[in-house]
Amino acid sequence: MAVRVFDTRSRKKRELVTIEEGKVSLYACGITPYSPSHIGHARQAISFDIIVRWLRKSGFEVSYITNFTDVDDKIIAAANEEGVDFLEVANRNIADYFESMDSLNVIRADAYPRVTETIPEIIEMIETLIDKGHAYLADDGVYFEIDTSPEKYGQLTGQTLEMVRSGAGGRVDKTGSGKRDHRDFALWKMAKPDEPFWESPWGEGRPGWHIECSAMSLKHLGERFDIHGGGSDLIFPHHEAEIFQSECCLGHDPVVQYWIHNGMINIDGEKMSKSLGNFWTISDALQRVDPLVLRYTLINAPYRQPVDFNQIMIEDSENHHKRLIDCYGEGLSKHGTGDWSGIPELEGAAKRLVEGMNDDFNTRVALVEVQAVAKWIRGLLSSRGDEGGISGAVGWISEFAGDVLGLLPADEEVLARVKSHENVKVEVSSKVESLLGEREDARSAKDWSRADEIRDELSEMGVVVEDGPDGATWRIE
RNA sequence: GCACGAGUGGCAGAGCAGCUAUGCAAUGGACUGCAGAUCCAUGGACCCGGGUGCAAAUCCCGGCUCGUGCUCCA
């Protein structure tokens, strides 16, 4: 069945037809590592991680590239403030990024190109743009001249040149640059004192913000590629600038077949931003929640919707994720993993999940099915029947909640968790059993206060007592 | 101002033309000395006004409200 993706340029869902059958080339704009990564970066990475996972599961061979913009104003500013080299700042934050993403179960991209390693290609591209008359040299840099291909304006945003001309109004003068028109954008910035620089035909300087992605995608994926992605905040101006650069440089269009953009994160209904003081770095978030719970929260809405990161969402996710892992762990340790084909409940769930994922990667629909199967397992587990069903369902969860959504820790870890729980159980077992016996006596004597006292005592040991029809059971909390 | 998106039950959040979304919470029941867990059941929603359809949260038009972008941003 075909995968349909929402394309920002055409503003509708389109069936994914790739340039080369069976292969997908995907470039997603990565981060500018000037500070530790925040949960918005996590959402972006997880969104594309799941897209890549799903495309691969659907049988595509995927080349997935995501970059680091490792030289820019903010990195330089941070480095100057600390009195260190800009690369030290970038490298530190890139390491932080990888550490966070690994914990969030984000599969590594096939390559992580960096601006500082792509300078020759960038220069070459700018030269071509100058040669073709799309760019000009000014005192302070090289600029792309929008008026050389006005028809490309607004392809992603629906705006026209005039709209932006009037909209941006008086901000032009503030730039104080050598731009001929305020909508032109920098391809190469001449170095100011105390700035890192590279040699170029136009003097010492560094690349402008947009050109690197055009150069890196060209270098790694070629003159045409299937999907270009990134956060929706990059649509304008960054991605529109890329369209200008790449298409004018290469002389054909479209270079990118599908544009995919993930939604932003809100905190309690407001945009997350440093100035509002509602900013969460990934490490902030991980102090509060398990990384996989964070992942669950971030895929709780389809990737294009904004996610509101609020208390309720987090608690909800914690709850669901814990249930998922608990029933998976119990099923796995008791019955192992098996084949789910031929089991109607599981085939039905798989079918709905596949349809949901094929329809623009709807993780929310997928989660509903995962929840339903988890519930189904719990039912079987408590009724002690149908072992084939349980192992099949464990296999189902492993395939979809694990491989596709990336929500499960490794099986060894799940089993180790179950085991350590059991070890604790064994350790305290005799004490608990004797207390429970005592409590049973108290209960038959209808000495409720003594019975509750014992329950409280056990509770302090972390033991939860649950009275059932066949007497009391207990478990470690 | 312009552009894009969103407005769904107490809450979160799907669906985007016809069939129970789902989860949490609530209520009733089973089980309980109480509690908890579990199971069963129940109620409750589609911003407003028009329009098109046999049929509209779902499509169209017009409002209103909110968010985001138009400057660096995942």
Side-chain angles (χ1 to χ4, degrees), chain A residues 8 11 13 28-32 34-35 37-48 66 69 72-74 77 97 154 156-160 162-169 171-172 174-175 182-183 209 229-238 240 261-266 269-274 297 300-308 310-320 323 352 356 359 362-372 374-375 378-379 381-383 442-444 446-449 451-452 455-456 459 464-470 472-475 477:
Chain A
T8 306
R11 262 174 237 123
K13 288 180 192 167
C29 283
I31 61 161
T32 300
Y34 66 94
S35 66
S37 296
H38 60 250
I39 57 177
H41 296 135
R43 158 103 127 146
Q44 188 275 138
I46 290 169
S47 297
F48 285 93
T66 188
T69 302
D72 107 315
D73 292 344
K74 282 187 216 161
Y97 175 86
L156 300 180
T157 55
Q159 301 182 97
T160 63
E162 288 62 35
M163 286 171 179
V164 175
R165 204 194 298 270
S166 54
R171 292 194 208 104
V172 194
K174 286 193 287 186
T175 63
H182 79 270
R183 295 154 304 155
W209 176 34
S232 61
D233 54 347
L234 296 181
I235 293 173
F236 190 92
H238 187 236
E240 292 224 340
H261 296 279
N262 66 276
M264 299 289 101
I265 286 186
N266 293 149
E270 276 182 311
K271 187 197 175 181
M272 179 172 82
S273 78
K274 284 185 175 169
T297 308
N300 201 213
Y303 73 92
R304 286 192 289 129
Q305 293 300 115
V307 164
D308 195 43
N310 59 45
Q311 199 57 30
I312 292 168
M313 275 286 273
I314 297 168
E315 283 169 12
D316 237 38
S317 303
E318 261 169 349
N319 203 263
H320 288 132
R323 287 182 185 209
R352 289 185 293 273
D359 185 15
N362 192 326
T363 49
R364 179 66 219 203
V365 168
L367 283 177
V368 167
E369 297 306 326
V370 168
Q371 285 168 212
K375 188 173 180 175
R378 266 183 292 141
L381 244 18
S382 60
S383 67
R443 292 186 73 208
S444 5
K446 297 205 189 302
D447 182 357
W448 310 127
S449 62
D452 290 346
R455 188 166 62 198
D456 291 344
S459 159
V464 181
V465 179
E466 287 167 354
D467 295 320
D470 307 324
T473 59
W474 60 279
R475 60 189 167 81
E477 189 44 60

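Within every chain, numbering begins at 1; the chains are lettered A, B, ... in the order of the sequence lines, protein sequences first and strands thereafter.
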Over all strands shown, is A:Q371 touching base, sugar-phosphate only, or nothing at heavy-atom distances under 4.0 angstrom?
sugar-phosphate
With a 3.5 Å cut-off and just heavy-atom distances, do the side chain of A:H261 and the base of B:A74 make a donor-acceptor pair?
no
Please state whether the base of B:C34 and the side chain of A:R455 form at least one donor-acceptor pair under 3.5 Å?
yes
How far does the C1' atom of B:C46 sit from the matching atom of B:G10, given to the nearest Å?
16 Å
Heavy atoms only, 4.0 Å cut-off, all strands: where does A:M313 land among base, sugar-phosphate and nothing?
sugar-phosphate
Quantified in whole Å, what is the C1' atom distance between nucleotide B:G50 and nucleotide B:A12?
32 Å
Torsion-based syn/anti label for B:A35, 90° from 0 as limit:
anti
Tell me whether the side-chain N or O atoms of A:R304 pair up with the base of B:G5 as donor and acceptor below 3.5 Å, since no angle test is needed here.
no
Glycosidic conformation of B:G53, syn or anti, with 90° from 0 as the boundary?
syn
In terms of the nearest nucleotide of RNA chain B, which residue is placed more toward the 5' end: A:Y34 or A:V368?
A:V368
Donor-acceptor pair (no angle test) under 3.5 Å: A:D467 side chain, B:C31 base:
no
With both distances under 3.5 angstrom, what nucleotide forms a Watson-Crick or G-U wobble pair with B:A26?
B:U42
Which one is paired to B:A14, where only Watson-Crick or G-U wobble pairs with both distances under 3.5 angstrom count?
none
Which whole number of Å gives the distance between the P atom of B:C19 and that of B:A56?
11 Å
For B:C47 and B:C70, measure between their P atoms and round to the nearest Å.
29 Å
Between B:C61 and B:C54, how far apart are the two C1' atoms, rounded to whole Å?
22 Å
Mark yes or no for a side-chain to base donor-acceptor pair under 3.5 Å between A:D452 and B:G33, with no hydrogen or angle criteria applied.
yes
